[in-house]
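Notes follow the structure.
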Amino acid sequence: MEIHTNIPLKNYTTMRLGGPARFMVDVHTSDELKAVVANARSKNIPLFVLGGGSNVIARDEGYNGLIIRMRIPGFEVVSDDASSTTLKIGGGEDWDATVKRTVDLRLSGIEAMSAIPGTVGASPVQNIGAYGQEIADTLQSLEALDVTTGQIVTLSNQDCGFSYRHSIFRGDAKGRYIIINITLKLWKSLPQPPFYDSLQSYFDTHNISIFTHQIVRDSVIAIRAEKLPDPRDVANTGSFFKNAIVDNWRLDELRQQHPDIKTYDMGDGTFKVPSGWLIEKVGAKGRLYHGMRVYDKNALVLINESATGYADLAAARDEIVGKVRDTFRILIEQEPLEIE
Ligand code: EPU
């Protein structure tokens with residue numbers, strides 16, 4: 001294992017911002033991971049794990065610690081019955097390549113999460129989701145290194161504390177676990193309707209009435225290509241804001257003031273209000289703030305066009321959050337984690 005020093009984080013994050021990491025190392029096995037973590041902890045060096053860098057923001061001061069790039073491979077069947085197949089997948093695998101492999105095996109459960117950038121190990125952290133599926137629906141368990149004890153532990157789905165775009169890994173247990181592999185239970189059946197609204201309308205306009213795994217995957221890839229800029233071409237981190245969650249009484253109030261408000265019933269007494277709609281309503285869509293562009297095809301996305309550093313991003317974010325707060329009295333939150 002080679003430890004590199006003074007590595008510019010802007011080259012390793014898709015928003016293409018951020019100063020140098022003091023140390024950086026790639027790990028390919030759980031033994032390498034254990035050794036690297038034990039060594040860093042003995043020297044009191046802080047750690048941050050990076051997957052594809054597609055959902056994190058680095059700051060100008062960089063990171064005064066060790067960045068571990070998760071590269072642990074693996075894709076194996078752990079059990080199989082008449083209706084399902086359970087797979088264990090290494091944290092360093094590319095997420096979309098993994099989705100493709102499950103679709104090729106005609107398994108259902110993650111096909112609607114096609115074309116999400118990033119790695120498998122990052123997928124539980126913000127409970128990735130798209131077009132009606134989220135990783136919490138199929139994840140059985142995962143193995144992680146507990147950096148506080150140096151032991152590898154198995155966490156069940158429940159242990160992960162999943163909710164909308166959230167888990168213990170970015171909440172109470174932030175920094176404690178490094179995800180080594182995940183175990184997913186996928187179904188042998190075809191994808192089943194009802195489908196997520198925007199997916200169904202894509203099927204309708206393209207006269208699609210047979211729903212195979214491959215057709216769902218291809219349709220999602222086509223929809224995403226329309227609404228989300230490819231991070232390889234344009235600096236961005238996908239949805240930059242989480243959708244807002246409000247409760248019943250607040251929604252009534254909002255509906256009175258804004259009868260055209262869009263909402264999605266979460267089924268637990270709370271409602272998701274699309275932040276893209278809120279940002280569009282305050283007139284920010286397509287506009288440039290401090291070198292950051294609110295994407296003209298999807299107001300939830302911020303593009304780094306010409307930001308000179310993290311301060312520009314923060315100023316743009318705060319201006320947009322402030323506009324939404326002043327008009328709707330809703331505080332929208334940043335989705336990508338910050339390297340700190
Ligand atoms: N909308 C607007 N204006 C906009 C954008 C959206 O009015 O500029 C409205 C849409 O018309 C729609 C509603 O907002 O009625 C919701 O939009 P959509 O269903 O397309 O998805 P989203 O809420 O914008 C979320 C995820 C995406 C995921 C899509 C599809 C979050 C933060 N984002 O976006 O995830 O692909 O649903 O399921 O939950 C990501 O996390 O990086 C990401 C791309």
Side-chain angles (χ1 to χ4, degrees), residues 13-15 51-57 95-96 99 110-119 122-137 162-167 170 191 194-203 216-217 219-231 234-246 254 258-266 270-287 293-304 317 320-321 323-324 327-328 330-337:
T13 52
T14 61
M15 197 59 109
S54 54
N55 205 50
V56 290
I57 302 292
W95 172 259
D96 187 55
V99 176
I110 58 173
E111 66 281 2
M113 291 187 280
S114 289
I116 295 180
T119 56
S123 65
V125 177
Q126 86 266 26
N127 184 16
I128 61 166
Y131 306 102
Q133 292 178 344
E134 56 180 23
I135 189 85
D137 301 335
F162 290 124
S163 58
Y164 166 67
R165 285 296 194 276
H166 194 73
S167 73
R170 58 181 293 171
F195 294 105
Y196 193 79
D197 282 356
S198 53
L199 188 54
Q200 185 61 53
S201 43
Y202 182 89
F203 293 151
V216 170
R217 173 169 165 80
S219 303
V220 166
I221 290 173
I223 301 170
R224 288 184 71 98
E226 240 336 278
K227 289 192 7 170
L228 292 159
D230 189 329
V234 179
N236 80 98
T237 55
S239 299
F240 187 79
F241 295 100
K242 293 191 192 191
N243 288 316
I245 309 284
V246 299
L254 283 163
H258 309 278
D260 55 339
I261 197 162
K262 292 192 175 180
T263 57
Y264 173 78
D265 190 344
M266 301 285 279
T270 66
F271 296 82
K272 196 147 82 177
V273 180
S275 296
W277 183 86
L278 297 170
I279 296 166
E280 187 172 339
K281 274 282 161 178
V282 300
K285 194 171 185 170
R287 288 192 54 186
R293 175 82 63 192
V294 180
Y295 191 39
D296 59 357
K297 293 179 188 159
N298 179 3
L300 207 51
V301 176
L302 282 188
I303 289 168
N304 173 11
R317 174 194 61 213
I320 296 162
V321 169
K323 280 174 181 288
V324 170
T327 309
F328 294 100
I330 290 179
L331 214 49
I332 56 172
E333 282 173 34
Q334 175 175 320
E335 202 224 334
L337 284 170

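Each ligand, and each atom within it, is numbered from 1 in the order the structure gives.
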Mind checking whether [X] and [Y] have side chains closer than 4.5 Å, heavy atoms only?
{"X": "Val220", "Y": "Glu111", "value": "no"}
{"X": "Val324", "Y": "Val321", "value": "no"}
{"X": "Ile57", "Y": "Thr13", "value": "no"}
{"X": "Thr270", "Y": "Val246", "value": "no"}

Below 4.0 angstrom from a heavy atom of [X], which ligand 1 atoms are there? Numbered from 1 as shown, please.
{"X": "Phe241", "result": "32 (C)"}
{"X": "Leu228", "result": "44 (C)"}
{"X": "Asn298", "result": "5 (C), 8 (O)"}
{"X": "Tyr164", "result": "31 (C), 32 (C), 39 (O)"}
{"X": "Lys285", "result": "3 (N), 4 (C), 8 (O)"}
{"X": "Gly238", "result": "42 (O)"}

Exercise. Is Asp230 atom CG crowded by more than 12 heavy atoms from other residues, nucleotides or ligands, each under 6.0 Å away?
Worked result: yes
Less than 3.5 Å between some nitrogen or oxygen of [X] and one of ligand 1, yes or no?
{"X": "Arg165", "value": "yes"}
{"X": "Ala299", "value": "yes"}
{"X": "Asn243", "value": "yes"}
{"X": "Ser198", "value": "no"}
{"X": "Lys242", "value": "no"}

Exercise. Hey, looking at atom 12 (C) of ligand 1, which of Lys262, Arg224, Lys281, Gln133 has the closest heavy atom?
Worked result: Lys262
Seminar exercise, completed: Of Tyr196, Tyr131, Phe240, Tyr295, the residue with the heavy atom nearest atom 37 (O) of ligand 1 is Tyr196
Min heavy-atom dist [X] to ligand 1 below 4.0 Å:
{"X": "Tyr264", "value": "no"}
{"X": "Gln126", "value": "no"}
{"X": "Lys227", "value": "yes"}

For this session: Using protein heavy atoms only, decide if any is under 4.0 Å from atom 29 (C) of ligand 1.
Result: no
Please report which non-hydrogen protein atom sits nearest to [atom], along with the residue it belongs to and the distance in Å to one decimal place.
{"atom": "atom 1 (N) of ligand 1", "answer": "Trp277 N, 3.8 Å"}
{"atom": "atom 4 (C) of ligand 1", "answer": "Glu280 OE1, 3.3 Å"}
{"atom": "atom 14 (O) of ligand 1", "answer": "Pro274 CB, 3.1 Å"}
{"atom": "atom 43 (C) of ligand 1", "answer": "Ser239 OG, 3.0 Å"}
{"atom": "atom 22 (P) of ligand 1", "answer": "Leu300 CD2, 3.9 Å"}

Exercise. Side chain, backbone, both or neither: which part of Glu335 has a heavy atom under 4.0 Å from ligand 1?
Worked result: side chain
Problem set entry | Check: Gln334/Arg317 side-chain N/O donor and acceptor closer than 3.5 Å | yes
Problem set entry | Donor-acceptor under 3.5 Å (Asn127 side chain, Pro124 main chain) | no
Exercise. Do any N or O atoms from the side chain of Trp277 and from the backbone of Ala299 form a donor-acceptor pair under 3.5 angstrom?
Worked result: no
Electrostatic pair [X]-[Y], nearest N-O below 4.0 angstrom:
{"X": "Glu280", "Y": "Lys285", "answer": "yes"}
{"X": "Lys281", "Y": "Asp260", "answer": "yes"}
{"X": "Arg217", "Y": "Asp96", "answer": "yes"}

Exercise. According to the interplanar angle, ranging from 0 to 90°, do the rings of Tyr196 and Tyr131 count as parallel (below 30°), tilted (30 to 60°) or perpendicular (above 60°)?
Worked result: perpendicular
Exercise. Would the Phe195 and Phe203 ring centres measure less than 6.0 Å apart?
Worked result: yes
Exercise. Could you go step by step and tell me if Trp95 and Ile128 meet the side chain to side chain contact (heavy atoms under 4.5 Å, CB included) rule?
Worked result: CA-CA 10 Å; Trp95 172 259; Ile128 61 166; 3.6 Å; yes
